[in-house]
Amino acid sequence: MHPAIQFSHVNFPQRKVQISYRSDELKLADLAQFLANLGYKPSINLENLDKKEQKKDRSLVLQLVIAGFCFGNIMLLAFPEYVNPEETWLTENRLFFRWLMFGLSLPVVLYSASSYLKSAYFALKTRKVNIDIPIAIGILVLFFRSTYEVVADLSPGYFDSLAGLVFFMLIGKWFQQRTYQSLAFDRDYKSFYPIAVTKIDENQNHENILLSELKKGDRILLRDEEILPADAILIKGSAYIDNSFITGESRLIHKKTGDKIYAGGKQSGAAIELEIIEEVNQSYLTSLWNHDTFRQKNSFLDNLINQVSRYFVYIILSIALISGIFWYFYDTSQMFQVITAVLIIACPCALALAAPFTLGNLMRIMGRKAYYAKEAFTLEKMNKIDTLVFDKTGTLTQNDAQQVRYEGDKLSGNDKTMIYSMAMQSNHPLSQMLQEFFKGLEKLEVKNYQQIKGKGQKAEINGTEVALGSHQWIAQENEVGRETEVWYRCNGKIKGRFVFENQYRKNLSEIFKGLKNYDIHVLSGDNDHEREILEKIIQQKQNLNFNQSPQDKLNYIKNLQEKGRKVMMIGDGLNDAGALQQSDVGVAVAEDMNSFSPSCDAILAGSSFRLLPYFLKLSQKGIFLVKIAFVISFLYNIIGLSFAVTGNLEPVVAAILMPVSSISVVIFATVGSWFLAYRLFKK
């Protein structure tokens, strides 16, 4: 498509393109413009400038591959001795096969299982107990007992069970860690701030400087559709600011000379001059992002597995010790066998696999329904939620749909045709809604068309002067309406106005009926002119809060938490970022999954908003399923231990039962979660 471009390579999941081009024939700026003309405008922002490319950690995959390779080969080498150990050729090569299995077990223990051994070591070093301690004990007991069996030429050992145990454990860990990496859960204000701004010096010369060089007192030029990166005072020009990133409302706010404009506001209209009064990292918007909430590390989750493991380790070690003491006095020859069998059969591998496979599978199921959880623990936190806080604009309402209502003198067919023809000249969102409102009418010739940014548009149609725009501009008054509106003037006479009402999501009342067991709150940056509509939808008059700034929303969540509430915040856009981060579970609603979304625990597609009650129910049922899997795992341990402590369980049988119990728990968790989801979403 361009002779100077040699080749390109597109990475669709990461939404990146690598282009090789001849720089002597094509400038970088022209290449960017070429891409923009194709409809793929390059994303150039401060976040990309600051971000250092991180190397992908593939160690877990490599550990899994090595464990799988060794597991398969050890199984092949051990199989003949299970089938017919008296074969002559096997007897002659028995030691070779056994030492080969020992050799294959070394990378499994030293590399593939290293994360469990290290975790257990550091837990003991810090005097803490976690689930990896009994797992590490089971791995080491299997390895050293198997090595002893081979050295003493007693048996081939249990290297196959050892490799199988590590292999299945790593599958569970991989399944748990696998998330939707193409979605950004941790974006901040830098992802929409510009890299550079236009600075105006004392001689009125314009110079492009990096945002990092912008200082308090500098004068900058802000053009149409550019975002203000720091708090400033308007010095020159007429500003019409879109504060949707700050307040969530897209209505243009008129600012006069001397007015303060907050960072994050987007100018709509002619270029304006401003004086910076706060540096970028100290502006109102960035102070919200730099709030203590964002510096906190994720609080420790009451992980069910770690809670159980605190007691599990002490109980198993106590049983092994007591059994060893008993058999020392009763039959010393059986002591080591009993202790080994107890430690092997009691290895909580099935317990450790229950949560990753259940919650991991539920994450995949929810992902197919367009609810993308950041991690498996998000589902655990969802299970504890008792309070839901909703943003209004963009969350309960749909950004791409508005109800248009006309008020004023009756419009003739000619009026409608002229309004439609005028609206067709503009790409402004309100003009596009008018185009849809009058869709199908005849399009007339428009002459002397003018569009005044932030005010409106006027033209001559069939000899008639027609104007569409704000009330201030059409009526030449300073009054600002509370509603989003476009006024219509024909030959100097104001005929009426079009009022654009929020279009609430379909079946919203039914959705809230499905959430009746939760305490519902609504926060909005808008005024309260739609209070009555919300009261009818939610069926309550309390907890509806309007004119909420981002800081107000954050404080509101914090106050609920101080009362002991577990809060899920559902919002969209940067203005909800503080509240989303402060909440126990923050869910960002996105109409376009690739568009900007603030830091959150989960991303919910707008098209799947109606399924929110089902996602909450599924998280509850998922935790219940994990608990059942725990019970199954404990039953295995109780039955196995009852045989082990009485000396009726050989270590080889214990080594076989251990991976069997793990596989059965994995099958139960996978099938159970699919069945629960099928029944729930079938409704």
Side-chain angles (χ1 to χ4, degrees), residues 13 60-61 64 68 131 164-165 167-183 185 301 303-305 308 348-385 510-511 514-515 517 568 585 587 593 601-636 658-683:
L60 178 59
V61 176
L64 181 59
I131 194 67
L165 164 66
F167 179 64
F168 286 114
M169 293 291 293
L170 290 174
I171 289 178
K173 181 180 285 191
W174 172 80
F175 196 52
Q176 183 181 22
Q177 290 184 357
R178 189 182 177 193
T179 56
Y180 297 84
Q181 296 178 357
S182 60
L183 301 175
F185 291 91
L301 298 172
N303 188 332
L304 293 174
I305 298 175
V308 172
C349 49
L351 186 71
L353 288 172
F357 271 87
T358 304
L359 300 182
N361 202 40
L362 289 178
M363 283 176 65
R364 288 176 59 83
I365 294 169
M366 291 182 177
R368 291 183 178 182
K369 298 290 183 180
Y371 180 90
Y372 305 95
K374 183 178 180 180
E375 56 187 355
F377 289 140
T378 299
L379 275 61
E380 185 180 345
K381 292 188 288 184
M382 286 171 62
N383 175 59
K384 300 177 182 179
I385 295 300
E510 294 299 320
I511 294 172
L515 300 172
N517 295 327
M568 172 187 276
V585 178
V587 180
M593 299 309 297
D601 297 298
I603 298 176
L604 172 64
S607 58
S608 296
F609 186 83
R610 59 186 176 82
L611 298 176
L612 181 61
Y614 298 101
F615 294 134
L616 288 164
K617 287 180 183 177
L618 192 57
S619 69
Q620 295 171 349
K621 292 181 181 294
I623 298 301
F624 178 69
L625 204 63
V626 171
K627 292 178 180 178
I628 295 178
F630 281 1
V631 173
I632 295 174
S633 177
F634 282 130
L635 286 175
Y636 271 114
M658 184 173 57
V660 169
S661 67
S662 300
I663 294 171
S664 62
V665 167
V666 167
I667 293 173
F668 170 79
T670 304
V671 175
S673 56
W674 277 113
F675 179 73
L676 285 176
Y678 172 77
R679 290 195 59 185
L680 194 62
F681 289 115
K682 187 179 178 181
K683 299 177 182 179

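Since the structure is predicted, the reported quantities are computational estimates derived from the model, not experimental observations. The basis for the numbers below is simple: all heavy atoms, side chains too, and nothing from hydrogens, waters or symmetry mates.
When side chains are defined from C-beta on, Ile365 counts as touching Leu362, because their heavy atoms get closer than 4.5 Å. Side-chain contact between Phe668 and Ile632: present, with at least one pair of heavy atoms (C-beta onward) separated by less than 4.5 Å.
Atoms CD1 and CG, from Ile385 and Leu515 in turn, are 12.0 Å apart once rounded to the nearest 0.5 Å. Taken to the nearest 0.5 Å, the CE atom of Met363 stands 10.0 Å off from the OH atom of Tyr371. Rounding to the nearest 0.5 Å gives a distance of 10.5 Å between CG of Leu611 and CZ of Phe609. Summarising the geometry, atom CZ belonging to Phe615 is positioned 10.5 Å from atom CE belonging to Met568; distances are rounded to the nearest 0.5 Å.
The side chain to side chain contact (heavy atoms under 4.5 Å, CB included) search around Leu635 returns Val631, not counting sequence neighbours.
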### Task
Apply side-chain contact (heavy atoms from CB on, under 4.5 Å) to Val626 and Glu380, showing your working.
CA-CA 10 Å; Val626 171; Glu380 185 180 345; over 6 Å; no

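The closest donor-acceptor contact from the side chain of Ser608 to the backbone of Lys369 lies under 3.5 Å. Ser673 contributes a side-chain N or O that, together with a main-chain N or O of Thr670, makes up a donor-acceptor pair within less than 3.5 Å.
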Going by atom type alone, with no hydrogens or angles, which donor-acceptor pairs under 3.5 Å involve a side-chain atom of residues 616-623 and a protein atom two or more places apart or on another chain?
{"from": "Ser619", "atom 1": "OG", "to": "Leu616", "atom 2": "O", "distance (Å)": "2.6"}
{"from": "Gln620", "atom 1": "NE2", "to": "Tyr518", "atom 2": "OH", "distance (Å)": "3.0"}

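Of all non-hydrogen atoms in Tyr636 and Ser664, the two that sit nearest each other are OH-OG, 2.9 Å.
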